[in-house]
Amino acid sequence: MSLQINAVILAGGMARRMGGNDKGLVDLNGQPMIKHAIDRVKPQVKEILINANRNQNLYAEFGYPVVSDEDSGYLGPLAGMITAMAQTDADYLLVVPCDCPLLPTDLVSRMLSQIESNDAELAVASDGKREQPVVMLLKPSLRDSMKAFLDAGERKIDFWYAKHNCVVTDFSDQPNAFVNVNTPEQKQQLAEAIAK
């Protein structure tokens, strides 16, 4: 029996460093930033959800279900993950942010292989220097644990997954895979790198 793996692309933040522009919709080399993430993730999963708390109608135009945080108030990536975990019947959920246009095309296969060989509950990606807490593959059954953590006032994702059987998947062979765009300057640098 093959596993069903779905993805959620997190586009629910405030994007304060982007001047408040909705990051997933910011243009990067002729396409909205989220489109780059979709193109990277789509071949690796069965279904995609988009987590967005504004411009939902624009996100819906990409052709995927759009879900907004159950808890209002922009509580961060955990709120988006909790919402998505409630909306999926997949065996695993891949979580990625909308502002990482160079995500690995072997993200799922490498993380899943490590989860299975270590009998882990989730995998988090690393660029070789540091962990990328918003890039993970996890079992939706972890939702109750994550919700309790958020409800207790906690926000730091790495504190949450430290409580679980988690493996870190090393992508240091793709050092730019998790370059994310938070500011107009970073967007310009990345656009130039992609164009080369």
Side-chain angles (χ1 to χ4, degrees), residues 5-88 90 92-105 107-108 111 124-125 127 131-138 140 146 150 155 157 171 174 176-195:
I5 298 174
N6 291 353
V8 60
I9 300 176
L10 301 175
M14 298 277 279
R16 290 186 187 93
R17 286 177 289 179
M18 238 333 157
N21 292 322
D22 197 328
K23 261 200 297 197
L25 301 173
V26 168
D27 182 271
L28 177 70
N29 288 20
Q31 293 194 96
M33 195 116 55
I34 194 169
K35 180 72 170 68
H36 294 276
I38 289 169
D39 290 347
R40 290 283 177 150
V41 165
K42 190 173 177 225
Q44 304 185 59
V45 297
K46 187 169 181 205
E47 294 170 12
I48 291 175
L49 287 172
I50 295 173
N51 166 240
N53 292 314
R54 52 187 178 153
N55 298 316
Q56 287 93 337
N57 56 332
L58 294 176
Y59 281 112
E61 289 176 10
F62 293 100
Y64 301 100
V66 177
V67 294
S68 300
D69 293 352
E70 292 171 11
D71 297 302
S72 60
Y74 291 97
L75 298 180
L78 286 168
M81 294 180 201
I82 289 164
T83 300
M85 287 156 89
Q87 303 279 336
T88 184
Y92 288 95
L93 183 68
L94 174 70
V95 178
V96 298
C98 67
D99 59 356
C100 275
L102 303 176
L103 288 164
T105 53
L107 198 54
V108 169
M111 293 172 102
V124 63
D127 62 7
E131 291 169 19
Q132 306 290 318
V134 287
V135 181
M136 62 168 96
L137 185 67
L138 75 171
M146 191 182 280
L150 185 67
R155 297 283 182 276
I157 302 168
F171 288 92
Q174 302 175 52
N176 296 322
F178 306 107
V179 169
N180 71 336
V181 179
N182 288 312
T183 65
E185 294 75 25
Q186 288 173 337
K187 188 189 98 155
Q188 185 58 37
Q189 288 165 357
L190 191 59
E192 288 165 6
I194 291 173

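These numbers come from a predicted model, not from an experiment. Computation of the quantities below employed the complete heavy-atom set of this structure, encompassing side-chain atoms and omitting hydrogens, waters and symmetry-equivalent molecules. Throughout, residue positions are numbered sequentially from 1 according to the sequence presented.
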key: Closest approach of Ala37 to Pro97 (non-hydrogen atoms, all atoms of both residues)   = CB-O, 4.1 Å
task = Output, in order, the C-alpha distance, side-chain angles, deciding distance and verdict of side chain to side chain contact (heavy atoms under 4.5 Å, CB included) for Asn180 and Gln132.
result = CA-CA 10 Å; Asn180 71 336; Gln132 306 290 318; over 6 Å; no
inquiry  = With heavy-atom distances below 4.5 Å as the criterion, would you say the side chains of Pro77 and Ile157 are in contact?
reply    = yes
message = Ignoring hydrogens, what is the shortest heavy-atom contact between Ser68 and Ala52? Give both atom names and the distance.
response = OG-O, 2.8 Å
inquiry  = side chain to side chain contact (heavy atoms under 4.5 Å, CB included) for Val96 and Leu107? Distances and angles first, verdict last.
reply    = CA-CA 10 Å; Val96 298; Leu107 198 54; 3.9 Å; yes
note = The side-chain hydrogen bond (donor to acceptor under 3.5 Å, both in side chains) partners of Glu131 (sequence neighbours excluded) come to Tyr161
ask   = Of all residues at least two apart in sequence or in a different chain, which pass the salt bridge (Lys or Arg N to Asp or Glu O under 4.0 Å) check with Asp27?
value = none
inquiry  = So, taking the atom named CG in Asp69 and the one named CG in Leu150, what distance separates them when rounded to the nearest 0.5 Å?
reply    = 9.0 Å
ask   = Roughly how far apart are Lys35 NZ and Asn29 CG, rounded to 0.5 Å?
value = 13.5 Å
query = Of all residues at least two apart in sequence or in a different chain, which pass the side-chain hydrogen bond (donor to acceptor under 3.5 Å, both in side chains) check with Gln174?
reply = Asp106
request  = For Asn176, enumerate each residue passing the side-chain hydrogen bond (donor to acceptor under 3.5 Å, both in side chains) test, keeping only those at least two apart in sequence or located in another chain.
outcome  = none
query = How long is the span from the CG atom in Asp99 to the CG atom in Leu28, to the nearest 0.5 Å?
reply = 10.5 Å
ask   = Asn51 and Gly80: which non-hydrogen atoms are nearest, and at how many Å?
value = OD1-CA, 3.3 Å
ask   = How about His36 and Leu102: do any of their side-chain heavy atoms sit closer than 4.5 Å?
value = no
inquiry  = Suppose we screen for ring-ring contact (aromatic ring centres under 6.0 Å, His included). Which residues come up paired with Phe178, at least two apart in sequence or across chains?
reply    = Phe171
task = List for me each residue that meets side-chain contact (heavy atoms from CB on, under 4.5 Å) alongside Ala86, sequence neighbours excluded, and say none if there are none.
result = Glu70, Arg143
query = Can you name the closest pair of heavy atoms from Val135 and Met111 and give their distance?
reply = O-CE, 3.6 Å
query = Taking only residues two or more places apart in sequence or in another chain, which ones pass side-chain contact (heavy atoms from CB on, under 4.5 Å) with Gln188?
reply = Glu192
remark   = CG (Leu78) and CZ (Arg155) are apart, to the nearest 0.5 Å, by 8.0 Å
query = Where is the tightest heavy-atom contact between Ala84 and Leu93, given as atom of each residue plus distance?
reply = CB-CD2, 3.9 Å
side-chain hydrogen bond (donor to acceptor under 3.5 Å, both in side chains) against Gln31, all qualifying residues, sequence neighbours excluded = none
key: Gap separating the CG atom of Leu49 from the OG1 atom of Thr88, nearest 0.5 angstrom   = 6.5 Å
Interatomic spacing from OH in Tyr64 to NZ in Lys42 - rounded to 0.5 Å = 4.0 Å
side-chain contact (heavy atoms from CB on, under 4.5 Å) involving Val45 - partner list, sequence neighbours excluded = Ile5, Ala7, Val41, Ile48, Leu94, Val108
query = For the residue pair Pro133 and Val124, what are the closest heavy atoms and their distance?
reply = CA-CG2, 3.9 Å
message = Among Lys46, Gln87, Met85, which residue satisfies the side chain to side chain contact (heavy atoms under 4.5 Å, CB included) criterion with Asn6?
response = Lys46
query = Can Leu25 and Met33 be said to form a side chain to side chain contact (heavy atoms under 4.5 Å, CB included), step by step?
reply = CA-CA 6 Å; Leu25 301 173; Met33 195 116 55; over 6 Å; no
